[in-house]
Visitor: 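Structure provided below as structure tokens; questions to follow.
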Number of protein chains: 2
Amino acid sequence: MGIVRKTKSVKILHDEFEKSLAAISVTTLIERFSAQMNKTTIYRVLDKFEDDGYLHSFLGKNGHKWYAKCNGCSSSNHSDAHPHFQCSNCGKVDCLPADVVIPKIPNRIVDVSQVLLQGKCEQCYS
Amino acid sequence: MGIVRKTKSVKILHDEFEKSLAAISVTTLIERFSAQMNKTTIYRVLDKFEDDGYLHSFLGKNGHKWYAKCNGCSSSNHSDAHPHFQCSNCGKVDCLPADVVIPKIPNRIVDVSQVLLQGKCEQCYS
DNA sequence: TTTTGTTTTGCACTCCAGTTGCATTATTTT
DNA sequence: AAAATAATGCAACTGGAGTGCAAAACAAAA
Ligand SMILES: [Mn+2]
Ligand SMILES: [Mn+2]
Ligand SMILES: [Zn+2]
Ligand SMILES: [Zn+2]
């Protein structure tokens with residue numbers, strides 16, 4: 001499974017994620033590339049990028065979908081259990097290299113943890 | 001601001017949250033009380049309950065809204081910075097009394113943290 | 001390079017959580 | 001009881017996300 005053909009859409013989206021490490025929301029991509037491709041194509045290409053282990057996805061503060069580059073993932077091995085940070089001032093979203101500290105919960109098994117931090121980013125931090 | 005009038009809808013929803021400490025999703029409430037009130041009313045009453053510091057809200061794993069009782073909050077003073085736990089087996093969602101451990105991020109100010117843990121709850125933990 | 005088989009795309013639709021405007025109804029105040 | 005105000009129901013709308021299918025693009029074979 002995964003990307004097979006190097007189409008125009010695939011190249012454009014791939015280039016966009018290579019430009020920077022920041023996460024990008026789906027709605028941003030749809031708006032940004034509305035002249036180049038259909039939103040359905042964007043959803044489908046992102047889906048495949050995730051299958052391939054090239055991108056991972058998560059939900060921002062409104063429950064909307066964001067994508068960011070993986071770090072050493074493959075189609076068979078995803079490990080993206082890191083926190084994400086959304087700046088309340090400029091809206092930028094980043095992956096944080098920090099470890100997630102899972103609190104000890106008696107009689108429960110924790111499999112997945114989603115952590116979204118909000119505040120001021122490096123640029124907006126005065 | 002907040003709830004002023006004791007209407008039938010307000011009483012029904014209040015009673016529902018008094019029954020148990022577990023969180024309830026908006027869609028569950030809409031389905032459960034479809035015979036008693038309109039979904040718009042449910043959204044509006046929950047909104048006010050949150051304003052009043054009686055309930056707090058958060059997003060579940062699909063980005064859909066959940067509500068749960070606050071613990072000592074008021075309209076002027078909300079402090080609901082605890083993690084939430086969603087059971088992947090039975091779907092139940094709870095507030096966790098544990099503290100959120102915010103990782104140290106250089107040059108960033110963290111104001112809010114959303115933590116959603118997923119796994120097996122007490123009942124589903126074999 | 002042309003033909004062939006397969007994948008990808010665009011389009012028009014559907015779905016669903018959540019929201020809004022407005023007329024009607026319920027509650028509170030006088 | 002009447003007046004003032006707040007809550008409700010309804011229907012329509014919004015916006016993110018997903019689908020089915022015919023047309024277009026691509027890769028590989030001829
Ligand atoms: Mn990330
Ligand atoms: Mn909670
Ligand atoms: Zn910023
Ligand atoms: Zn469970």
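Chain letters run A, B, ... following the sequence lines, proteins first, then strands; residues in each count from 1.
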Visitor: Which part of the nucleic acid does A:Thr7 contact within heavy-atom distance under 4.0 Å: base, sugar-phosphate only, or nothing?
Guide: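 Sugar-phosphate, no base atom in range.
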Visitor: Please report the distance, rounded to the nearest Å, between CD1 in A:Ile12 and P in C:dT9.
Guide: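 My rounded result for the distance is 10 Å.
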Visitor: What is the distance from CD of B:Glu50 to P of C:dG18, rounded to the nearest Å?
Guide: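 Distance, rounded to whole Å: 12 Å.
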Visitor: Side chain of A:Lys65, heavy atoms from C-beta onward: which of D:dC10, C:dT9, D:dA17 has the nearest atom to it?
Guide: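 For A:Lys65, the side-chain atoms sit closest to D:dA17.
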Visitor: Measure from the side-chain heavy atoms of A:Met37 and tell me the nearest of C:dG10, C:dT19, C:dT7.
Guide: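 That would be C:dG10.
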Visitor: Once you round it to whole Å, what is the distance between P of C:dA17 and NZ of B:Lys61?
Guide: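 B:Lys61 atom NZ is separated from C:dA17 atom P by 13 Å.
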Visitor: Take the protein atom NZ of B:Lys11 and the nucleotide atom P of D:dA7, then report the distance between them rounded to whole Å.
Guide: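 Value for this atom pair: 13 Å.
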Visitor: Roughly how many Å is it from NZ in B:Lys8 to P in C:dT27, rounded to a whole number?
Guide: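 Spelled out: NZ on B:Lys8 to P on C:dT27 is 9 Å.
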Visitor: Has the side chain of B:Arg44 got a donor or acceptor atom sitting under 3.5 Å from an opposite partner on the base of C:dG18?
Guide: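 It does not, because no donor-acceptor pair links the side chain of B:Arg44 to the base of C:dG18 below 3.5 Å.
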Visitor: Which of these nucleotides, D:dC10, C:dT9, D:dC26, is closest to any side-chain atom of A:Arg5?
Guide: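 So the nucleotide nearest the side chain must be D:dC26.
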Visitor: Would you mind reporting whether B:Cys70 and B:Asp80 have side-chain heavy atoms less than 4.5 Å apart?
Guide: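 In short, these two side chains touch, coming nearer than 4.5 Å.
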Visitor: B:Gln114 and side chain to side chain donor-acceptor pair (under 3.5 Å): which partner among A:Lys61, A:Gln118, A:His84?
Guide: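 It is A:Gln118, the one option of A:Lys61, A:Gln118, A:His84 that forms the side chain to side chain donor-acceptor pair (under 3.5 Å) with B:Gln114.
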Visitor: Considering only D:dA17, D:dT8, C:dT28, which nucleotide approaches the side chain of A:Val26 most closely?
Guide: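 Closest nucleotide to the A:Val26 side chain: D:dA17.
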Visitor: Where does the angle between the aromatic ring planes of A:Trp66 and A:Phe58 fall among parallel (under 30°), tilted (30 to 60°) and perpendicular (over 60°)?
Guide: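 Judged by the thresholds at 30° and 60°, the geometry between A:Trp66 and A:Phe58 is parallel.
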Visitor: Ignoring backbone atoms, test whether B:Thr40 places a side-chain nitrogen or oxygen under 4.0 Å from the OP1 or OP2 oxygen of D:dG9.
Guide: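 For D:dG9, OP1/OP2 do not have a side-chain N/O of B:Thr40 under 4.0 Å.
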Visitor: Contact class for B:Lys39 vs. all strands (heavy atom < 4.0 Å): base, sugar-phosphate, or nothing?
Guide: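 B:Lys39: base contact, heavy atoms under 4.0 Å.
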Visitor: Report the relative orientation of the aromatic rings in B:His14 and B:Tyr54; use parallel for angles under 30°, tilted for 30 to 60°, perpendicular for over 60°.
Guide: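 Judged by the thresholds at 30° and 60°, the geometry between B:His14 and B:Tyr54 is parallel.
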Visitor: How close or far is atom P of C:dT8 from atom CG of A:Asp51, stated in whole angstroms?
Guide: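 The answer, rounded to whole Å, is 12 Å.
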Visitor: Could you state the atom-to-atom distance from CH2 of B:Trp66 to P of C:dG18 in whole Å?
Guide: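 So the two atoms are 11 Å apart, to the nearest Å.
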Visitor: Please report the shortest heavy-atom distance between A:Tyr125 and B:Asn107, naming the atom on each side.
Guide: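 That would be CD2-O, 3.2 Å.
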Visitor: What is the separation between atom CG on B:Asn38 and atom P on C:dT24, rounded to the nearest whole Å?
Guide: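 Rounded to the whole Å, the gap is 17 Å.
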Visitor: Does B:Lys48 have a side-chain nitrogen or oxygen under 4.0 Å from the phosphate oxygens OP1 or OP2 of D:dA7?
Guide: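 So the side chain of B:Lys48 is within the cut-off, an N or O lying under 4.0 Å from OP1 or OP2 of D:dA7.
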Visitor: Return the nearest nucleotide to the side chain of A:Ser9; candidates are C:dT8, D:dA6, C:dT9.
Guide: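 From the listed options, C:dT9 comes nearest.
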Visitor: Output the single nucleotide from C:dT9, D:dG16, D:dT8 whose closest atom is nearest the side chain of A:Thr27.
Guide: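 Selected nucleotide (nearest to the side chain): D:dG16.
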Visitor: Is there a side-chain polar atom (N or O) of A:Tyr43 under 4.0 Å from OP1 or OP2 of D:dG18?
Guide: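 A:Tyr43 to D:dG18 OP1/OP2: no side-chain N or O under 4.0 Å.
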